[in-house]
There are 2 protein chains.
Amino acid sequence: MATTSWDDVKAARMGDSVVEAAYAAAQLAFELGEQVRAMREERGWSQRELSALTGMSQPAIARFEAGGTTPTLPILERIAIAFDATLSVQLKSKAVA
Amino acid sequence: MATTSWDDVKAARMGDSVVEAAYAAAQLAFELGEQVRAMREERGWSQRELSALTGMSQPAIARFEAGGTTPTLPILERIAIAFDATLSVQLKSKAVA
DNA sequence: AAATCTGATACCATCGTTGGTATGTCTTGA
DNA sequence: TCAAGACATACCAACGATGGTATCAGATTT
């Protein structure tokens, strides 16, 4: 084997993963957007009010709620704080089999 | 009130939030890095092997595990897939009081 | 009808993460 | 001692999210 062999051997398998991950992240972004919109409306806040509380722009809130972008963790933290909520990010092993 | 009033009124309160959120995100990044390193070593994988599986570079893995950067959700998804794990991101309301 | 508020979209500048590469150090093994 | 592997760090280019602003459509109110 020429190169490291790992790069080659796993390359094919990895190709799918990146796409799969991108799709999963997009779905996550969409769901988070929906949840934030629900929490915001629950409190009767406008996008402008939430943007002021989080230091974000109103367009950023709109994009995020629509699932147009995948939010960063710092942004999610700011939103959590605005809602007096807790941000939880976990990597949970599926099966131990 | 001159401008929208929201921008002004909440501005002071928001200042702390941004810093607080940045700190929280950094801590989250650190903990995630530790967890990923643990999961990786648990499987006897080198950073190079994990980088091949996730389509990331070895330096990116090193930075991430050291907590040097705050990972993006797509990256976390790729890592989760490599570990055959599930990525969970939740905004949980604290008290309902 | 006019004014106002809300949410959505577009454009551009900026910032942070990441990719890619090279390099350095340390450890292990031949 | 030398070679190879593993991890860390540095530098730069590319990409995506965000900030800021302006604008637009729809709904509400006067």
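Numbered from 1 within each chain, the chains take letters A, B, ... in sequence-line order.
- Considering CG of B:Leu87 and CD of B:Glu77, their distance stands at 4.5 Å, rounded to 0.5 Å.
- Annotation: the span from A:Arg78 atom CZ to A:Met56 atom CE amounts to 7.0 Å, rounded to 0.5 Å.
- Atom pair A:Arg78:CZ and C:dG16:P shows a separation of 11 Å (rounding to whole Å applied).
- Side-chain atoms of B:Met39 and A:Ser93, non-hydrogen and from C-beta on, do get closer than 4.5 Å to each other.
- Atom CG of B:Leu32 and atom P of C:dT17 are 13 Å apart (whole Å).
- Taking only side-chain atoms of A:Ser46, from C-beta outward, the nucleotide of C:dT6, C:dA8, C:dG19 with the closest atom is C:dT6.
- No side-chain heavy atom of A:Leu53 sits less than 4.5 Å from a side-chain heavy atom of A:Ile79.
- Between the CE atom of A:Met56 and the C1' atom of D:dT21 there is a distance of 16 Å, given to the nearest Å.
- Distance CD (A:Gln47) to P (C:dT6): 10 Å, rounded to an integer number of Å.
- Spacing between atom CG of A:Leu73 and atom C1' of C:dT18 amounts to 15 Å, rounded to whole angstrom units.
- Protein atom CZ of A:Arg48 is 14 Å distant from nucleotide atom P of C:dT4, rounded to whole Å.
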Within the sub-3.5 Å range, which N or O atoms of nucleotides 9-17 of chain D have a protein N or O partner, and how far apart are they?
residue	atom	partner	partner atom	Å
D:dA17	OP1	A:Thr70	N	3.2

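- Between B:Arg37 and D:dA6 there is no side-chain N or O to OP1 or OP2 distance below 4.0 Å.
- Using a cut-off of 4.0 Å between Lys/Arg side-chain N and Asp/Glu carboxylate O, A:Arg43 and A:Glu49 are scored as not salt-bridged.
- Look at CZ on A:Phe64: it is 18 Å from C1' on C:dT9, rounded to the nearest Å.
- In this structure, the CD atom of A:Glu65 is 13 Å from the P atom of D:dT18, given to the nearest Å.
- When the options B:Ile75, B:Thr54, B:Leu76 are evaluated for a side chain to side chain contact (heavy atoms under 4.5 Å, CB included) with B:Phe64, the one that passes is B:Leu76.
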